[in-house]
Amino acid sequence: MEEAVEMVTPGEVLGKATDLKAGKGAYAASHNNTIYASLTGFRRIQAPPPASHDKRPTVEVTGHKAHGLVPEPGSVVIARVTKVMARTASADIMCVGPKSVREKFTGIIRQQDVRATEIDKVDMHLSFRPGDIVRAVVLSLGDARAYYLSTAKNELGVVSAESSAGATMVPISWTEMQCPLTGQIELRKVAKVVN
């Protein structure tokens, strides 16, 4: 079953649940038996498989190219730390794997997810600072506003940081980075650089 492809936006009516099945990018509202789009993209209708008992075609919304990657549990991300508090650090996810994201995704690194050992002794302010670039792995979707991230592996943690003098610091140990201009040492949860 082919039909003209049309652009839809979230909340737009795609059809009635009596006539169609909701596929990817669509959902059926039980209170009025209507199928709505859940993302911006193109509305497509697919015929049911020949062996299917349900003879309703499936309506789905396929994202247009502007929608890039979405972080998923287990994926390695690059993020910029935006805020550091006593028990958590917030970060904006910039890349999923080697590819940059087009939408804004927020990550949270909790105190227990900073490192694998001596979790109770982790000081968030000695692990990260706003502006740090970190490599982390996505643990889960977390709450509605952010993904939970972990830096609890040797290759995860701060990969780039700027000193108060404005220079890119050089890692000198697992917990320290040094400013090449002033020689000042600052504490961080440093990532082991893997080539």
Side chains of [X] and [Y]: closer than 4.5 Å at any heavy-atom pair?
X	Y	answer
V134	V159	no
E6	F42	no
V122	S127	yes
I108	Y147	no
I133	M94	yes
T106	D92	yes

Looking at [X] and [Y], what are the two nearest heavy atoms and their distance?
X	Y	value
G97	C95	O-CB, 3.8 Å
A22	A28	CB-N, 4.0 Å
A26	V59	CB-O, 4.0 Å
P180	T168	CD-O, 3.4 Å
C179	S163	SG-OG, 3.2 Å

For [X], give me all partners under salt bridge (Lys or Arg N to Asp or Glu O under 4.0 Å), at least two apart in sequence or on another chain.
X	value
D120	none
R56	D54
K99	none

Distance check, rounded to the nearest 0.5 Å: [X] atom [atom1] versus [Y] atom [atom2]?
X	Y	atom1	atom2	result
T58	R44	OG1	CZ	14.0 Å
L139	L149	CG	CG	7.0 Å
Y36	T9	OH	OG1	13.0 Å
K21	E60	NZ	CD	11.0 Å
E186	S164	CD	OG	5.5 Å
E162	D132	CD	CG	9.5 Å

query: Transitive ILVMFWY cluster of I185 at side-chain heavy atoms under 4.5 Å: who else is in it?
result: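 I172, listed by chain and number.
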
- prompt: Who else is in the cluster with M85 when I, L, V, M, F, W and Y are joined by side-chain contacts under 4.5 Å?
  reply: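 Result for M85 is none, singleton.
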
message: Using the rule given for side chain to side chain contact (heavy atoms under 4.5 Å, CB included), can you reason through R43 versus I45, listing the C-alpha separation, both sets of side-chain angles and the distance that settles it, and then say yes or no?
response: CA-CA 7 Å; R43 175 184 189 261; I45 293 185; 3.7 Å; yes

query: Just by distance, do the side chain of K189 and the backbone of F128 share a donor-acceptor pair under 3.5 Å?
result: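 Flag not set: sc K189 to bb F128 has no pair under 3.5 Å.
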
- prompt: For the side chain of R110 and the backbone of Q112, is there at least one donor-acceptor N/O pair under 3.5 Å apart?
  reply: no

In this structure, would [X] and [Y] fall into the same cluster of hydrophobic residues linked by side-chain contacts under 4.5 Å?
X	Y	result
V138	L156	no
V8	I35	yes
I109	V190	yes
V158	V84	yes

task: Could you check K153 against R135 for side chain to side chain contact (heavy atoms under 4.5 Å, CB included), going step by step and ending with a plain yes or no?
output: CA-CA 10 Å; K153 285 185 180 172; R135 182 189 296 119; over 6 Å; no

query: Are E176 and R188 close enough for a salt bridge, meaning some N to O gap below 4.0 Å?
result: no

- request: Report the C-alpha separation of V96 and F105 in whole Å, then their side-chain angles, then the decisive distance to 0.1 Å, and conclude whether the side chain to side chain contact (heavy atoms under 4.5 Å, CB included) test is met.
  value: CA-CA 10 Å; V96 176; F105 298 106; 5.8 Å; no

task: Classify the side-chain pair T34/K16 by whether it contains a donor and acceptor separated by less than 3.5 Å.
output: yes

- prompt: Checking side chain to side chain contact (heavy atoms under 4.5 Å, CB included) for the pair Q178/M169: CA distance, chi angles, key distance, verdict?
  reply: CA-CA 5 Å; Q178 186 173 28; M169 294 198 290; over 6 Å; no

Under 3.5 Å, side-chain donor or acceptor atoms of residues 69-82 against the rest of the protein: list the pairs with distances, not counting sequence neighbours.
| unit_1 | atom_1 | unit_2 | atom_2 | d |
| --- | --- | --- | --- | --- |
| S75 | OG | E72 | N | 3.1 |
| S75 | OG | E72 | O | 2.6 |
| T82 | OG1 | S90 | O | 3.2 |

